[in-house]
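A quick write-up on the structure given underneath.
Predicted model only: the values in this text are computed from it and were never measured. Counting from 1, the numbers follow the sequence of the chain as shown. We count ligands from 1, going down the list as the structure has it; atoms in each ligand are counted the same way.
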Amino acid sequence: MHIRPLLVGTAVTAILFGSVAPPAEAVGAKSYRNCNALNKVYAHGVGKQGAVDKTSGKKVTNFKISTKIYNLNNGPHKAGGREYDLDRDNDGIACEKR
Ligand SMILES: [Ca+2]
């Protein structure tokens, strides 16, 4: 029983510093239920690198650029799932907003 705290400590260390730790950009990358929720975190939306807003008005250019986050929010809406189609006009930017 004396060895137990050591094992727990090793496990915690492995979780904190192990290879399973996500890269910095993946932290906070997730799917949002709708644009209200996404815009609370990314006020101007999230788009792929090089995406151009398809609006006929003034284009949104200050969206967060992250293909990873964009992909997490450009899925088909699945009932009970975690993927939502938040890029309805398919211009490569989800929830673009000025
Ligand atoms: Ca869009």
Looking at Asn90 and Asn74, what are the two nearest heavy atoms and their distance? OD1-OD1, 4.1 Å

Would you check if the side chain of Asn36 reaches a backbone N or O of Lys40 as a donor-acceptor pair within less than 3.5 Å? no

Provide the closest heavy-atom pair for Tyr70 versus Asp87 in the form atom of the first, atom of the second, distance. OH-OD2, 2.7 Å

The Ca ion (ligand 1) to Asp89: nearest N/O/S atom name: OD1

With a cut-off of 3.0 Å, does Asp53 put an N/O/S atom close enough to the Ca ion (ligand 1)? no

Atom name, Asp91 (N, O or S, nearest to the Ca ion (ligand 1)): OD1

Confirm or rule out an N/O/S atom of Ile93, from backbone or side chain, lying less than 3.0 Å from the Ca ion (ligand 1). yes

Thr67 (side chain) donor-acceptor with Lys48 (main chain) under 3.5 angstrom: no

Hphob cluster co-occupancy, Val52 + Val46, side-chain heavy atoms under 4.5 angstrom: no

Restricting to N, O or S, what is the name of the atom of Asp87 that lies nearest the Ca ion (ligand 1)? OD1

